[in-house]
Amino acid sequence: MTKSALITGITGQDGAYLAKLLLDKGYKVHGLVARRSSDSRWRLREMGVESDIVYLDGDMADACSVQRAVIKSAPDEVYNLAAQSFVAASWDQPVTTGIVDGLGVTHLLEAIRQFSPHTRFYQASTSEMFGLIQAEQQDENTPFYPRSPYGVAKLYGHWITVNYRESFNLHASSGILFNHESPLRGIEFVTRKVTDAAARIKQGKQQELRLGNIDAKRDWGFAGDYVEAMWLMLQQDKPDDFVVATGVTTTVREMCRIAFEHVDLNYRDFVKIDPAFFRPAEVEVLLGNPAKAQRVLGWKPKTDLETLIRMMMDADMKRVAKE
């Protein structure tokens with residue numbers, strides 16, 4: 001029997017990698033897509049899967065459209081990747097972030113509870129829920145202390161997933177994913193901002209790169225590795241929550257060094273610190289402990305940071321050259 005999957009946020013970085021993974025495994029893949037005037041499917045096109053997906057109109061803020069998507073797709077598995085996912089924007093759009101990243105999860109869980117209770121559900125939680133860290137390395141038992149409207153909204157989505165699992169016996173799991181990047185990452189995220197700028201500077205199309213706190217530390221992995229962990233969670237007999245991370249933390253400064261050195265440049269000559277890019281409340285360090293995911297799921301990251309940044313640099317060098 002062909003399995004059916006519904007992916008919200010299918011046009012994002014993770015959605016594209018996950019869609020490719022599931023299609024390769026023989027799934028029929030449905031994608032919930034909000035109407036946008038811009039070309040939102042370019043990542044799916046880059047992965048070579050744009051024409052292989054059944055698209056369903058809908059919006060996480062609209063409960064009726066979410067219900068229709070669940071009914072139409074009759075999914076064995078639902079992956080909720082939809083979010084207003086740019087942390088900095090969440091201070092400018094706190095209500096929208098709360099509705100989509102928090103209440104939207106409830107819309108989806110409620111649709112599953114009412115119309116498809118056998119469906120297995122994956123919630124994309126985030127390391128930003130840890131925020132002001134309460135332990136040197138964060139695992140599933142580390143207390144949460146979110147430091148942005150994004151982190152707060154995601155925490156609601158995380159706990160409502162736990163609540164529906166315990167209240168209604170749904171197979172609902174959350175992946176607490178630490179930062180994960182790829183050549184498909186949005187330009188507003190710091191890794192792509194750096195690799196795109198380095199490519200433009202190398203090719204004479206940009207003079208400098210302005211950044212905020214480059215001493216902030218993050219646990220960065222490859223999105224292509226992390227979507228495998230999502231799928232593995234829904235193959236388990238029992239639903240649960242899992243930290244997905246590399247277990248290595250690196251500064252933004254070091255990430256800049258790797259990117260610029262890959263094209264024979266010194267980041268110190270081009271990176272300028274701009275106070276406009278500092279957050280109202282900064283998360284200084286994030287470092288995940290993926291031991292549970294390794295033990296229970298058999299999952300390990302395959303791609304280290306240097307390999308990842310070089311992959312992104314090569315892709316951006318080609319993109320910029322084509323402009």
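Between the side chain of Ser182 and the main chain of Phe222, no donor-acceptor pair closer than 3.5 Å is present. The backbone N or O of Trp299 lies less than 3.5 Å from no partner atom in the side chain of Glu228, so there is not a single donor-acceptor pair. Proximity of a side-chain donor or acceptor of Gln134 to a complementary backbone N or O of Pro143 within less than 3.5 Å is not detected. Side-chain atoms of Asn179 do not come within 3.5 Å of backbone N or O of Arg218 as any donor-acceptor pair. Without hydrogens or angle criteria, Asp241 side chain to Ser174 main chain gives a donor-acceptor distance under 3.5 Å. Looking only at distances, no side-chain donor or acceptor of His180 sits under 3.5 Å from a matching main-chain atom of Gly221. Lys28 contributes no side-chain N or O that, together with a main-chain N or O of Pro75, makes up a donor-acceptor pair within less than 3.5 Å. Without hydrogens or angle criteria, Thr8 side chain to Leu32 main chain gives no donor-acceptor distance under 3.5 Å. Not one N or O on the side chain of Lys154 forms a donor-acceptor pair closer than 3.5 Å with the backbone of Ala83. Side-chain atoms of Asp101 never come within 3.5 Å of backbone atoms of Ala153 as a donor-acceptor pair (strictly under, hydrogens ignored).
Between the side chains of Asp59 and Ser65, no donor N or O sits under 3.5 Å from an acceptor N or O. For the 3.5 Å distance criterion, the side chains of His158 and Ser125 qualify, holding a donor opposite an acceptor. Side-chain contact, Thr96 with Gln84: no donor N or O sits under 3.5 Å from an acceptor N or O.
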### Test side chain to side chain contact (heavy atoms under 4.5 Å, CB included) applied to Met230 and Val244, step by step
CA-CA 9 Å; Met230 299 177 189; Val244 179; over 6 Å; no

### Task
Evaluate the side chain to side chain contact (heavy atoms under 4.5 Å, CB included) criterion for residues Leu211 and Asp274: first the C-alpha distance (whole Å), next the side-chain angles of each, then the deciding distance (0.1 Å), finally the verdict.
CA-CA 6 Å; Leu211 295 173; Asp274 188 338; over 6 Å; no

### Query
So Lys292 and Asp240, salt bridge (charged side-chain N to carboxylate O under 4.0 Å, His left out) or not? Walk me through it.
CA-CA 10 Å; Lys292 181 178 175 182; Asp240 207 344; 3.0 Å; yes

### Message
Under the criterion salt bridge (charged side-chain N to carboxylate O under 4.0 Å, His left out), I'd like the reasoning laid out for Asp196 against Lys205: C-alpha separation, chi angles, the key distance, then a yes or no.
### Response
CA-CA 11 Å; Asp196 177 75; Lys205 298 180 180 181; over 6 Å; no

### Task
Go through the steps for Thr249 and Trp220 under the test side chain to side chain contact (heavy atoms under 4.5 Å, CB included), then give the verdict.
CA-CA 7 Å; Thr249 192; Trp220 279 299; over 6 Å; no

### Task
Check step by step if side chain to side chain contact (heavy atoms under 4.5 Å, CB included) holds for Phe260 and Val271.
CA-CA 10 Å; Phe260 278 82; Val271 173; 4.2 Å; yes

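Under the 4.5 Å side-chain heavy-atom criterion for grouping Ile, Leu, Val, Met, Phe, Trp and Tyr, Val29 is connected to Val33 within one hydrophobic cluster. Taking hydrophobic clusters as Ile, Leu, Val, Met, Phe, Trp and Tyr residues chained together by side-chain heavy-atom distances below 4.5 Å, Met313 does not share a cluster with Val320. Placement of Leu305 and Val248 in two distinct hydrophobic clusters is found when ILVMFWY residues are connected by side-chain heavy-atom separations under 4.5 Å, directly or transitively. One hydrophobic cluster, built from ILVMFWY side chains closer than 4.5 Å, holds both Leu308 and Val190. A single hydrophobic cluster is not seen to contain both Tyr122 and Val70; linkage of ILVMFWY side chains at heavy-atom distances under 4.5 Å, directly or through other members, places them apart.
Taking NZ of Lys217 as the start and OG1 of Thr250 as the end, the distance is 9.0 Å to the nearest 0.5 Å. We find the CD-OG1 distance between Glu136 and Thr142 to be 11.0 Å, quoted to the nearest 0.5 Å. Annotation: the span from Thr246 atom OG1 to Asp219 atom CG amounts to 3.5 Å, rounded to 0.5 Å. The CG atom of Leu177 sits 8.0 Å away from atom OG of Ser127, with the distance rounded to the nearest 0.5 Å. Taken from CD1 in Ile112 to CD in Gln67, the straight-line distance is 11.5 Å, to the nearest 0.5 Å.
Salt bridge Arg120/Asp76: absent, no basic N to carboxylate O contact under 4.0 Å. Electrostatic pairing of Lys300 and Asp225 does not count as a salt bridge here, judged by no charged N lying under 4.0 Å from a carboxylate O. Ion pairing of Arg45 with Glu50 is present here, as a side-chain N (NZ or NE/NH1/NH2) and a carboxylate O approach within less than 4.0 Å. In summary, Lys3 and Glu77 engage in a salt bridge, as defined by a charged side-chain N under 4.0 Å from a carboxylate O. In this structure, Asp316 does not pair ionically with Arg200, as no charged nitrogen and carboxylate oxygen lie closer than 4.0 Å. Lys20 and Asp52 are not joined by a salt bridge, as no carboxylate oxygen comes within less than 4.0 angstrom of a charged side-chain nitrogen. The existence of a salt bridge linking Arg43 and Glu46 is excluded, since no basic side-chain nitrogen approaches an acidic carboxylate oxygen closer than 4.0 Å.
Nearest heavy-atom pair across Asn80 and Val105 is ND2-CG2, 3.7 Å. Heavy-atom minimum distance, Ala259 versus Thr195: CB-CG2, 4.3 Å. Between Ser148 and Trp91, the closest heavy-atom pair is CB-CH2, 3.5 Å. What you find for Leu56 and Ser73 is that their closest heavy atoms are CD1-CB, 4.1 Å. Nearest approach of Ala315 to Pro183, heavy atoms of both residues: CB-CB, 3.7 Å. His30 and Ile10 make their closest contact through O-CD1, 4.2 Å (heavy atoms, listed as atom of the first residue, atom of the second, distance).
Summarising the local packing, CD of Glu323 is surrounded by more than 12 heavy atoms from other residues, nucleotides or ligands at distances under 6.0 Å. Summarising the local packing, CD of Gln235 is surrounded by more than 12 heavy atoms from other residues, nucleotides or ligands at distances under 6.0 Å. Within a 6.0 Å sphere centred on CZ of Phe115, other residues, nucleotides and ligands contribute more than 12 heavy atoms.
In this structure, Arg192 is not positioned above the aromatic face of Phe189 in the sense of NZ or CZ being under 6.0 Å from the six-membered ring centre and within 45° of the axis.
You'll find the side chain of Phe242 stays beyond 4.5 Å of the side chain of Ile176, heavy atoms only. The shortest side-chain heavy-atom distance between Asp139 and Phe130 does not fall under the 4.5 Å cut-off. Using a 4.5 Å heavy-atom cutoff, the side chains of Ile160 and Gln123 are not in contact. Two residues are said to be in side-chain contact when any heavy atoms from C-beta on lie closer than 4.5 Å; Tyr150 and Thr126 meet this criterion. Phe178 is listed as a side-chain neighbour of Val243, based on a closest heavy-atom distance under 4.5 Å. The shortest distance between side-chain heavy atoms of Tyr156 and Leu103 falls below 4.5 Å. Looking at Met255 and Val194, their side chains come closer than 4.5 Å, going by heavy atoms from C-beta outward. Side-chain contact between Trp159 and Tyr164: absent, with no pair of heavy atoms (C-beta onward) separated by less than 4.5 Å.
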Please tabulate, for the side chains in residues 262-270, all donor-acceptor contacts under 3.5 angstrom to protein atoms that are two or more places apart in sequence or on a different chain.
unit_1 : atom_1 : unit_2 : atom_2 : d
His262 : NE2    : Asp314 : OD1    : 2.8
Asn266 : OD1    : Arg268 : N      : 3.0

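Take Tyr55 and apply the ring-ring contact (aromatic ring centres under 6.0 Å, His included) test, not counting sequence neighbours, and it matches no residue.
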